[in-house]
2 protein chains.
Amino acid sequence: MNVENSKSQMRKGMLEYCIMLLLRRRPSYANEIISLLKSADMIVVEGTLYPLLTRLKNDGMLRYEWQESKQGPPRKYYALTEEGQEALTQLDASWEELAKTVAILQSGQHLLPHTE
Amino acid sequence: MNVENSKSQMRKGMLEYCIMLLLRRRPSYANEIISLLKSADMIVVEGTLYPLLTRLKNDGMLRYEWQESKQGPPRKYYALTEEGQEALTQLDASWEELAKTVAILQSGQHLLPHTE
DNA sequence: CAAATGAACCTTGCAATACAAGGTACTATA
DNA sequence: TATAGTACCTTGTATTGCAAGGTTCATTTG
């Protein structure tokens, strides 16, 4: 992921950002991520999440580790890499900017001098 | 546009919202919208904007009106319809929610009780 | 007055991606 | 041993942002 592109990505979706925020706290596996996001009122489904996790892993943002579970099959725990942590820091900044932009648009300060 | 769908849309892009925010202030035409968004640090290009305006118009959110210009060809001024204004109010609320969700995720309050 | 420039409009094709739907494998329980 | 539950993943479709290219009209310039 390059940072130039991040604002563009952010326009499309907050999802990557939200998932990385989750993983900043602690490693997690797909079904847990879905539950956690649901508990934060953000809906995600498997068909969205799996490709996204793979994408982030291929971009070097995440790595995973198989871990046995006491109930059911083993789980693939994803965690942020060093690179992922740095990227996330930049996404934090992008989110700040985006929120600021929206605030400006909401307040109407975007008005240009009347050039007519 | 149905409101059920709006949060989903918002995940993908803030663009519709931002454009409707602009038009809440006053009617505007495509090139001006691009300039205004640029001045608010949000990049949009023609190939994105025209289809989007058409979509919003077809959904009943916008209407337009031709207006002569002192320089160059006439301009198509877009404005929010009644319905568009109502939808925008709901988008305001969706944005609130999204921002709150992000805040929760940033703070780590999303952690579920450890079910192991 | 012809040509170039600029400002407005719009369309087409591509790539990314969210989601619905469906599929596989392992574990535990009935 | 069959069913349910939990985990993994893939495929196909629809949306949509964007790059690139195209048209029209008015003004300016050669």
Side-chain angles (χ1 to χ4, degrees), chain A residues 1-2 4-20 27-38 42-59 61-62 64-78 98 112 115-116, chain B residues 1-2 4-20 27-38 42-59 61-62 64-78 98 112 115-116:
Chain A
M1 182 200 303
N2 85 34
E4 280 313 291
N5 192 32
S6 291
K7 280 191 76 176
S8 158
Q9 292 296 355
M10 188 159 273
R11 259 177 277 144
K12 286 185 207 157
M14 312 293 310
L15 223 45
E16 278 186 9
Y17 180 46
C18 287
I19 285 160
M20 290 174 77
S28 192
Y29 62 102
N31 280 17
E32 193 183 38
I33 291 173
I34 291 172
S35 296
L36 289 168
L37 287 178
K38 211 166 279 171
M42 176 157 289
I43 293 146
V44 197
V45 295
E46 290 194 332
T48 302
L49 187 57
Y50 280 104
L52 200 159
L53 289 174
T54 303
R55 221 183 301 145
L56 287 173
K57 188 208 63 181
N58 290 338
D59 283 349
M61 300 296 123
L62 305 183
Y64 66 79
E65 196 175 281
W66 285 100
Q67 235 170 283
E68 296 297 321
S69 161
K70 283 166 186 162
Q71 292 190 348
R75 297 163 176 173
K76 215 172 181 178
Y77 275 81
Y78 282 89
L98 180 61
L112 288 176
T115 50
E116 195 55 29
Chain B
M1 181 200 303
N2 83 34
E4 280 312 292
N5 195 31
S6 293
K7 281 190 75 174
S8 158
Q9 292 295 358
M10 189 161 272
R11 259 178 277 141
K12 285 184 211 160
M14 311 295 311
L15 223 45
E16 278 185 10
Y17 180 46
C18 288
I19 286 161
M20 290 174 78
S28 193
Y29 64 99
N31 281 16
E32 191 182 42
I33 292 173
I34 290 173
S35 297
L36 288 168
L37 286 179
K38 212 166 280 173
M42 176 159 287
I43 294 145
V44 196
V45 294
E46 289 192 332
T48 301
L49 187 57
Y50 281 103
L52 201 159
L53 290 173
T54 303
R55 220 183 301 143
L56 287 173
K57 188 209 64 183
N58 290 339
D59 285 349
M61 300 296 122
L62 304 183
Y64 66 77
E65 196 174 281
W66 284 100
Q67 236 171 280
E68 296 297 321
S69 161
K70 283 167 190 165
Q71 291 193 345
R75 298 162 175 174
K76 216 172 177 177
Y77 276 81
Y78 282 90
L98 181 60
L112 289 176
T115 50
E116 195 56 30

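Numbers restart at 1 for each chain; the letters A, B, ... are given by sequence-line order, proteins then strands.
- Contact annotation: A:Tyr50 does not reach the phosphate of D:dT10 (side-chain N/O to OP1 or OP2, under 4.0 Å).
- Comparing A:Arg55 and A:Pro74 by the nucleotide of DNA chain C whose heavy atom lies nearest to each, the residue mapping closer to the 5' end is A:Arg55.
- The side chain of B:Tyr29 contributes no N or O atom lying less than 4.0 Å from OP1 or OP2 of C:dC9.
- For the pair A:Ala30 and B:Gly47, nearest-nucleotide mapping onto DNA chain D gives the more 5' position to A:Ala30.
- If you take CD on A:Glu68 and CZ on A:Arg75, they are separated by 10.5 Å, rounding to the nearest 0.5 Å.
- Taking only side-chain nitrogens and oxygens, A:Asn31 never comes nearer than 4.0 Å to OP1 or OP2 of D:dT6.
- A donor-acceptor contact under 3.5 Å is not formed by the side chain of A:Glu46 with the base of C:dC19.
- With rounding to whole Å, A:Glu32 atom CD is found 15 Å from D:dC8 atom C1'.
- Between B:Asn58 atom CG and D:dT16 atom C1' there is a gap of 15 Å when expressed in whole angstrom units.
- Rounded to whole Å, the distance from CD on A:Gln71 to P on C:dT27 is 13 Å.
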Self-check item: Candidate pair A:Leu52 and A:Val44, rule side chain to side chain contact (heavy atoms under 4.5 Å, CB included), full reasoning
Solution: CA-CA 11 Å; A:Leu52 200 159; A:Val44 197; over 6 Å; no

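- Distance, A:Glu65 CD to D:dA7 P: 17 Å, rounded to whole Å.
- If you take NZ of A:Lys70 and C1' of D:dG5, they are 18 Å apart, rounded to a whole angstrom.
- Atom-to-atom, OH of B:Tyr78 to C1' of C:dA8 comes out at 12 Å; the value is rounded to the nearest Å.
- Just one residue in the list A:Trp66, A:Tyr29, A:Tyr64 forms a ring pair (Phe, Tyr, Trp, His ring centres under 6.0 Å) with A:Tyr77, and that residue is A:Tyr29.
- One interatomic measurement links the two molecules: CG of A:Leu49 to P of C:dA21, which rounds to 18 Å at whole-angstrom precision.
- Considering only side-chain atoms of B:Pro73, the nucleotide from D:dG17, C:dC9, D:dC25 that sits closest is D:dC25.
- For A:Thr48, whose side chain is taken as the heavy atoms from C-beta onward, the closest listed nucleotide among C:dA18, C:dC9, D:dC9 is C:dA18.
- When each of A:Trp66 and A:Gly72 is assigned the nucleotide of DNA chain D with its nearest heavy atom, A:Gly72 is the one assigned upstream, toward the 5' end.
- Note that the CD1 atom of B:Ile19 and the CG atom of B:Leu62 stand 9.0 Å from one another [nearest 0.5 Å].
- The separation between B:Leu52 atom CG and D:dA19 atom P is 15 Å, rounded to whole Å.
- Under 4.0 Å is where a charged nitrogen must lie from a carboxylate oxygen, and between A:Glu16 and A:Arg55 at least one such pair does.
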